[in-house]
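In what follows, a structure is listed as structure tokens, so that the remarks can point back to it.
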Protein chains: 2
Amino acid sequence: MKKIDILKKLRTSGLRPTKQRVEIARFLFEREKTFHFTVESLNKLLAKKTTAKISLATIYNTVHSFKTAGHLSEVEVRGNKSYFDTNVSNHHHFYDSETSELIDIDANDIVIQKIPKAPNGKKIKNVEVFINLKN
Amino acid sequence: MKKIDILKKLRTSGLRPTKQRVEIARFLFEREKTFHFTVESLNKLLAKKTTAKISLATIYNTVHSFKTAGHLSEVEVRGNKSYFDTNVSNHHHFYDSETSELIDIDANDIVIQKIPKAPNGKKIKNVEVFINLKN
DNA sequence: TTTCACTTTAGAATTATTATAAACTAGAAT
DNA sequence: ATTCTAGTTTATAATAATTCTAAAGTGAAA
Ligand SMILES: [Mn+2]
Ligand SMILES: [Mn+2]
Ligand SMILES: [Zn+2]
Ligand SMILES: [Zn+2]
């Protein structure tokens, strides 16, 4: 992903490209593979990777803006901490509770044959599969 | 579920049948259908239902003991609050984000045809499906 | 250069949960 | 029945994750 795309991510999130936001955006989006993270882990990684200091509040704010804009998704998986995901397409996850790690599963790699119909008056928004792992 | 079974739930959880614990256990287990709850919602419901005052700490402790003993399961579903489930068998859920409600889906009502194999050195512990609902 | 809306940040506040430690209670032993 | 004691309850403190607040900083445009 090029720098121009980073600026686009920010623009489409309604965010001005400040030093801090560009650092965060580059760290999140300039990568090949999906990145799963918590705000805590992102904060630590950013502190190691970059010279500039970025406050936790800015990380929370920026991550939420990206989520609202659809550039990040949130994965419900582990207790009382939020997990975020740079993969915003419809997909599934392995979850390794030993390491607290998520691994992507492509939507096409899981095929559901039989599914119940939604309760009265409701519709199905999406289906999420978690495959929990053990050693 | 009879009172004798309630006492068994407590005994098998390593808990003496105190007034508070019996109240909690009866409220959780003397019902036909699955009950999904948070500690907060359980606390409110118990406060309405019973005369005796039960402290929040006791509710947390008792719920955790039941979970450890396998009489309750925890469902990862909504942000930063824990959801518990009186259905401890392998099953799936509808999740209605409008009402924050879970609805059980019998394991047999979802059939998965194709599933990826676990990553190197890992095994599949279980598969959980969430069907998110909208209006 | 001044302006001013937007931004960052430290720290306070809030929420969910867990830990602590003093007062209480159920049984067992006398 | 009374005593004893390990287990229990509870208020409150501590912790953890997140959100809020308000003061200081920044930068593009006037
Ligand atoms: Mn979660
Ligand atoms: Mn959760
Ligand atoms: Zn993912
Ligand atoms: Zn359930």
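In what follows, chains carry the letters A, B, and so on, assigned in the order in which the sequence lines appear, proteins first and then strands, with residues in each chain numbered from 1. Computation of the quantities below employed the complete heavy-atom set of this structure, encompassing side-chain atoms and omitting hydrogens, waters and symmetry-equivalent molecules.
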*asked:* Can you measure B/Ile59 atom CD1 to D/dT9 atom P for me and round it to whole angstrom units?
replied: 11 Å
*asked:* Can you measure B/Lys81 atom NZ to D/dT18 atom P for me and round it to whole angstrom units?
replied: 15 Å
*Distance in angstrom units between A/Asn80 CG and C/dA16 P, rounded*: 10 Å
*Nearest-nucleotide comparison on DNA chain C, the residue closer to the 5′ end among B/Asn61 and B/Phe84*: B/Phe84
*asked:* Check this for me: does any side-chain nitrogen of one of B/Glu40 and B/Lys44 sit under 4.0 Å from a carboxylate oxygen of the other?
replied: yes
*Selection from C/dT25, C/dA19, C/dA5 that lies nearest to any side-chain heavy atom of B/Arg16*: C/dT25
*For B/Arg11 and C/dA26, what is the distance between atoms CZ and P respectively, to the nearest whole Å?*
18 Å
*According to a strict under-4.0 Å criterion, is B/Thr18 in side-chain N/O contact with OP1 or OP2 of D/dG7?*
no
*Under 4.0 Å: is that the gap between some side-chain N or O of B/Thr38 and OP1 or OP2 of C/dA16?*
no
_Using heavy-atom distances to pick each residue's nearest nucleotide on DNA chain D, tell me which of B/Leu15 and A/His64 is more 5'._
B/Leu15
*Measure the distance from CD on B/Glu74 to P on C/dA16 and round it to the nearest whole Å.*
15 Å
_Please pick, from C/dA16, D/dA11, C/dT9, the nucleotide with the shortest atom-to-atom distance to any side-chain atom of B/Ser55._
D/dA11
*Quickly work out the A/Tyr83 OH to D/dT18 P distance and round it to whole Å.*
10 Å
*N or O in side chain of A/Gln20 less than 4.0 angstrom from C/dT9 OP1/OP2*: yes
*Could you state the atom-to-atom distance from CZ of B/Arg78 to P of D/dT18 in whole Å?*
14 Å
_Measuring from the side chain of B/Tyr60 (C-beta onward, heavy atoms only), which nucleotide among C/dT7, C/dT17, D/dA17 has the closest atom?_
C/dT17
*When we call it a touch if two heavy atoms are under 4.0 Å apart, what does A/Thr58 touch: a base, just sugar-phosphate, or nothing?*
base
_Proximity to the side chain of A/Arg21 - top-ranked nucleotide from C/dT17, D/dT18, C/dT8_ = C/dT8
*With heavy atoms under 4.0 Å as the rule, sort B/Lys19 into base, sugar-phosphate or nothing.*
nothing
_d(NZ, B/Lys53; P, D/dT9) in whole Å_ = 13 Å
*Give the ring-plane orientation class for B/His71 versus B/Phe29, where under 30° counts as parallel, over 60° as perpendicular and anything between as tilted.*
perpendicular
_Please check this pair: side chain of B/Lys114 against backbone of A/Asn108, looking for a donor-acceptor N/O pair closer than 3.5 Å._
yes
*Contact under 4.0 Å: B/Ser82 side-chain N or O vs C/dA16 OP1/OP2*: no
*Please work out which of the three classes, parallel, tilted or perpendicular, describes the rings of A/Tyr95 and A/Tyr83, given edges at 30° and 60°.*
perpendicular
*Rounded to the nearest 0.5 Å, what separation is found between the CZ atom of A/Phe27 and the OG1 atom of A/Thr86?*
11.0 Å
*asked:* By nearest atom, which of the nucleotides C/dG11, C/dT17, C/dG27 is closest to the A/Ala57 side chain?
replied: C/dG11
*Between B/Asp106 and B/His91, does any side-chain donor sit less than 3.5 Å from a side-chain acceptor?*
no
